[in-house]
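Chain naming here is simple, since letters A, B, ... match the order of the sequence lines and numbering starts at 1 in each. Keep in mind the model is a prediction, meaning the values are calculated, not measured.
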Amino acid sequence: MEYGFSAIEKKWQEAWKKNKAYKVNNDPSKPKYYVLDMFPYPSGAGLHVGHPLGYIASDIFSRYKRLKGFNVLHPMGYDSFGLPAEQYAIEHGIAPAISTDRNIDNFRSQLDKIGFCYDWDREVRTSNPNYYKWTQWIFLQLFDSWFDRKAQKARSINDLIVIFKAEGNTNTPCPGDKKLVFSAAEWNSGDSSKQSEILMKYRLAFCGVGEVNWCEALGTVLANDEVINGVSERGGHPVVKKKLRQWYLRITEYAERLLAGLQTVDFSDSMKDMQTNWIGKSFGAEIDFEIAAENTLSSASHLKVYTTRPDTIFGVDFMVIAPEHDLITTLTSPEQKKAVEEYLEYVNSRSERERMAEKKITGVFSGAYCKNPFNGVLIPIWISEYVLAGYGTGAIMAVPCGDERDFKFAQYFSIPITNIIGQFFNGNEANPTKEARLENSGFLDGLLMSDAISVSLDKLEELGIGKRQTNYKMRDAAFSRQRYWGEPFPIVWKNDIAIPLSSTALPIELPELSDLKPGPDAQGPLANLPEWVSYDGGAREVNTMPGYAGSSWYFLRYMDPQNDKEFCSRAASDYWGQVDLYIGGTEHAVGHLLYSRMWTKVLFDLGHIGFDEPYKRLVNQGKIGGDSRLVYRVRNSKQFVSAGLKDNYETDEIHVDVSLVDGFVLDMEGFKKWKPDFSDATFITEEGEYKCGARLEKMSKRYFNVVNPDDIVEKYGADTFRMYEMFLGPVEQDKPWDTKGIEGVHRFIRKFWRLFFDAEKGLVATQTPADAASWKIFYKMLKKVEEDTARFSFNTAVSGFMIGVNELTDLNCHSIDLLKKFLIVLTPYAPHICEEIWQQIGEVGSILDASYPVVDETYLVETSKEYPVAVNGKTRIILNIDLNATQADVEALVLKEPMISKWLEGKPPKKIIFVKNKMINVVI
RNA sequence: GCCCGGGUGGUGAAAUUGGUAGACACGCAAGACUUAAAAUCUUGUUCGCUGUAAAGCGAGUGCGGGUUCAAUUCCCGCCCCGGGCACCA
């Protein structure tokens with residue numbers, strides 16, 4: 001009986017579907033385990049072999065946990081709102097709703113072939129009104145909340161109104177406007193429009209005017225994490241800074257909690273580092289420098305700077321303020337006015353990208369000075385684009401001997417440099433050390449810089465001219481998009497006041513719209529639908545929410561997907577709790593994961609869920625690279641030269657479809673038929689064969705190196721495919737795809753099959769009990785496989801299975817009592833074949849619910865061990881020695897060995913090292 | 001520039017990190033079965049040297065040092081590859 005995987009896999013996939021084998025109930029009587037994959041954006045390209053890597057790993061782990069008796073939640077869904085569907089609609093005239101559904105159907109059919117254990121009854125689609133109703137509802141919670149800094153948590157905006165009525169905002173400084181101060185009386189006498197304006201500056205989801213990343217090509221605003229090196233993450237289009245009215249999430253208020261929460265979760269160090277760096281916490285001081293009165297027209301008396309190095313205050317040779325700084329007009333002296341205006345014009349003419357690409361040293365002197373508070377020295381105030389308006393106070397004190405940028409600036413503009421670190425400064429480059437003893441530094445002289453930081457801070461605070469200040473690099477997240485294919489905001493504007501709609505009015509459905517051209521004034525396409533926009537005497541918000549809105553909370557919806565009363569019942573979220581294992585790529589390190597963590601904290605603060613970190617453990621699967629094949633065309637000809645001979649010609653390399661290449665050998669006839677351009681190609685071969693070049697790179701259509709999992713499953717079966725993806729290497733590591741290697745795994749599966757069935761004789765598995773040697777092999781394997789599975793070392797677990805099958809085959813073991821246990825252990829990896837054999841050997845019920853075998857240690861007890869015996873660390877012989885042997889026993893045994901005496905040359909050894917259960921080393 | 005990963009045979013990798021380097025596979029080579037092929041099985045396969053062979057010796061985990069009886073693993077200094085951040089004061 002042959003292993004007919006196609007029929008077997010089809011049979012069981014249908015049976016599992018029919019029996020709802022993967023249906024999961026919220027059953028508090030059983031221990032839970034929640035395994036989550038980062039859900040895919042259903043792109044038109046479908047899946048390549050790299051995508052299922054993480055899904056297979058999580059599937060194996062889910063099945064393993066289920067066999068261990070856990071109630072396992074392992075759902076799947078689609079992040080189905082987003083830009084590409086909209087771009088596709090514009091280019092092809094197909095509505096996003098339609099192309100998205102089509103793509104989802106394609107994804108689903110690809111996923112189904114691999115045999116995942118998802119409970120599809122729990123599927124979520126972020127673009128489904130039943131889902132985004134609750135995304136809108138959570139938005140309303142964010143809109144109706146503010147962050148209480150003292151309690152470090154979100155509270156209802158109504159609580160804030162109570163506070164304002166009683167005491168104004170003196171004890172609750174405004175996160176959106178540091179200078180805003182008002183009393184209770186002022187609050188109470190203000191009109192509702194004024195009050196709304198103030199509240200907006202506190203809300204966690206707020207609308208405001210600010211510098212945003214505007215991408216002209218995409219016609220929308222982007223969040224910081226969607227901009228990579230000055231271009232859009234999607235499409236690589238240029239991005240410019242623009243002042244616009246936009247919706248934001250006040251994620252900066254959660255900076256501290258987001259940092260603290262990292263201590264409580266099991267993410268990789270690099271993932272934690274990325275988030276920590278993105279948040280960018282720094283400790284320092286804000287210092288007020290008095291502006292020298294005789295040099296300014298200004299009424300301003302002080303310039304406030306932010307520094308992390310107040311210890312260097314005696315080394316300040318100039319000040320730099322950002323070109324956008326408020327004080328520029330008032331500080332600029334009449335003599336410098338023209339120069340300053342010219343400079344500002346120049347700065348405005350430079351795009352963000354130009355600034356990043358060419359970091360030129362530019363700047364202009366304002367004509368004003370301020371005074372060093374400790375020695376009265378006059379310090380010139382400069383304006384330069386290297387100081388960012390959005391960070392700190394938008395002004396710095398420049399210490400050229402200690403800061404590289406300040407040093408270059410001073411050198412460029414010939415500003416004299418004060419040395420406060422003696423030998424540590426060589427005059428050619430700045431030295432940012434903290435280890436120097438300070439010189440020329442007044443009361444700080446002689447102190448170690450690292451100690452002087454707090455001494456200077458104390459002094460500044462004592463004199464009331466400075467205070468300790470913590471800053472974060474992270475910015476509030478832009479939350480509106482000028483696009484169509486996203487969640488509409490549940491907001492109506494009346495007289496410039498944003499009115500939230502009642503939760504009973506949800507969902508605010510996205511209206512159908514055939515023409516997705518932008519609306520007027522950089523508004524989204526929805527602005528073109530006046531009958532939709534006009535609502536209840538006001539105008540609907542026409543922006544839509546960004547892609548990350550729906551993905552920020554989807555893990556909660558899976559717990560209670562059909563609930564139409566709540567986003568997720570408290571009972572469901574209390575039962576399932578945190579995601580125990582979250583698997584996905586590193587590309588979401590600072591985007592999705594931070595937003596999702598913030599939303600979870602807000603929902604926790606408001607009492608809707610009982611935990612404030614969504615993901616307990618995160619595993620990042622590596623990327624599978626494509627192994628591209630290249631052909632070399634002799635320039636300006638139709639001749640193609642084989643890789644080994646290409647250096648003799650001037651050639652252009654061309655990617656060739658990997659399916660036309662066997663190893664490195666090109667199918668020349670196939671190549672001619674591949675594209676009309678190549679139909680009359682001729683080849684310069686090596687011994688009749690055309691050899692292609694190779695390169696590892698991203699798996700992508702344009703390199704013709706995409707391998708579709710459907711093809712692999714068709715040829716080798718899903719079980720082989722699953723195990724091979726795992727066998728390729730550690731899940732977390734990037735690795736190349738090589739279809740050839742799959743043969744080894746396929747052979748293993750067939751060999752496993754042959755433990756049960758013979759091609760002619762049929763079933764060969766017998767009721768004869770297994771012998772001790774076979775049990776030993778099995779339990780050794782079980783122990784390894786279980787340990788490896790538990791630590792996500794799936795590649796070595798597969799190797800463990802191979803060793804087990806090889807050894808049992810050698811022993812001719814066909815005992816059903818043993819093999820039946822083997823089947824259960826293999827089920828998470830290769831469920832189809834195991835379920836089929838389970839049925840064939842007459843077991844009742846599904847193997848999916850069998851119980852995982854337990855290691856019987858009695859079979860694994862060893863009495864002796866093969867010890868490597870080394871001479872001076874170099875292994876020379878292997879000796880089988882009783883495990884109870886003492887040092888003396890071992891020494892005697894070792895010295896008897898001729899091989900060892902040969903090395904000793906008659907002399908006694910200096911020492912014999914014996915590490916029980918490890919090794920023996922003879923030192924001579 | 002800064003912060004993380006990583007560098008091991010022809011290839012993917014293993015050694016659960018002081019204790020037999022290269023498990024398990026791919027590929028390759030030789031052989032068995034077969035009219036033949038597929039499939040399957042057997043043997044070999046880090047490199048170099050000696051040897052008909054059995055075997056032995058030497059080198060070897062990016063490079064150079066160090067600690068140790070013993071280093072892929074720990075320490076110091078460099079090189080290369082991948083990822084993230086990048087005028088954040």
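At the heavy-atom level, Trp903(A) lies under 4.0 Å from the strands shown only through sugar-phosphate atoms. At the heavy-atom level, Lys874(A) lies under 4.0 Å from base atoms of the strands shown. Residue-level contact check: Asp273(A) touches the backbone only, with heavy atoms under 4.0 Å from sugar-phosphate atoms and none from bases. No engagement by Met319(A) is indicated, since no non-hydrogen atom pair under 4.0 Å with the nucleic acid exists. Among the atoms of the strands shown, none is found under 4.0 Å from any heavy atom of Asn471(A). Here Val320(A) lies out of heavy-atom contact (under 4.0 Å) with every strand. Residue Lys902(A) is classed as a sugar-phosphate contact, given heavy-atom separations below 4.0 Å to backbone atoms only. Residue-level contact check: Leu388(A) touches the bases, meaning some heavy atom is under 4.0 Å from a base atom.
Other residues, nucleotides and ligands place more than 12 heavy atoms under 6.0 Å from the NZ atom of Lys865(A). Counting heavy atoms of neighbouring residues, nucleotides and ligands inside a 6.0 Å radius, atom OH of Tyr412(A) does not exceed 12 of them.
When distances are taken from the side chain of Tyr391(A) to each of G84(B), A21(B), A89(B), the shortest belongs to A89(B).
Using atom P as the reference point in both A71(B) and U46(B), the two lie 22 Å apart (nearest Å). Comparing the C1' positions of A37(B) and U72(B) gives an interatomic distance of 45 Å, to the nearest angstrom. Comparing A38(B) with C28(B), their P atoms sit 12 Å apart, to the nearest whole Å. Taking atom P on both nucleotides, A29(B) is separated from A39(B) by 15 Å, rounded to a whole Å. Taking atom P in both G62(B) and U8(B), one finds a spacing of 6 Å when rounded to whole Å.
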At under 4.0 Å between heavy atoms, which parts of nucleotides 9-16 of chain B does protein reach? Answer with one letter per nucleotide, 5' to 3': B base, S sugar-phosphate only, - none. ---BSSSB
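Classified by its glycosidic torsion, G9(B) falls in the syn category, the angle being within 90° of 0.
Distance, Arg750(A) CZ to A25(B) P: 14 Å, rounded to whole Å. The distance from atom CD of Glu587(A) to atom P of G84(B) is 10 Å, rounded to the nearest whole Å. The distance between atom CE of Met899(A) and atom P of U20(B), rounded to the nearest whole Å, is 18 Å. Atom NZ of Lys698(A) and atom P of G83(B) are 11 Å apart (whole Å). One can place CD of Glu743(A) at 12 Å from C1' of A38(B), the figure rounded to the nearest angstrom. Spacing between atom CG of Leu755(A) and atom P of C41(B) amounts to 12 Å, rounded to whole angstrom units.
Side chains of Trp737(A) and Thr739(A): a donor on one and an acceptor on the other come within 3.5 Å. A donor-acceptor pair shorter than 3.5 Å can be found between the side chains of Thr362(A) and Tyr343(A).
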Determine whether Lys281(A) and Glu256(A) satisfy the following criterion, salt bridge (Lys or Arg N to Asp or Glu O under 4.0 Å), listing intermediate values before the conclusion. CA-CA 9 Å; Lys281(A) 183 178 186 175; Glu256(A) 204 53 53; 2.8 Å; yes
Given the rule in the ring-ring contact (aromatic ring centres under 6.0 Å, His included) test, do Phe318(A) and Phe409(A) qualify, once you have shown the distances and angles that lead to the verdict? CA-CA 10 Å; Phe318(A) 55 103; Phe409(A) 193 88; 5.3 Å; yes
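Stem analysis of RNA chain B (Watson-Crick or G-U pairs, both distances under 3.5 Å, runs of at least three) returns B:1-7 with B:79-85, B:10-12 with B:24-26, B:27-32 with B:40-45, B:46-50 with B:55-59, B:62-66 with B:74-78.
At A25(B), one or more side-chain N or O atoms of Asn806(A) fall inside 4.0 Å of OP1 or OP2 (strictly under the cut-off).
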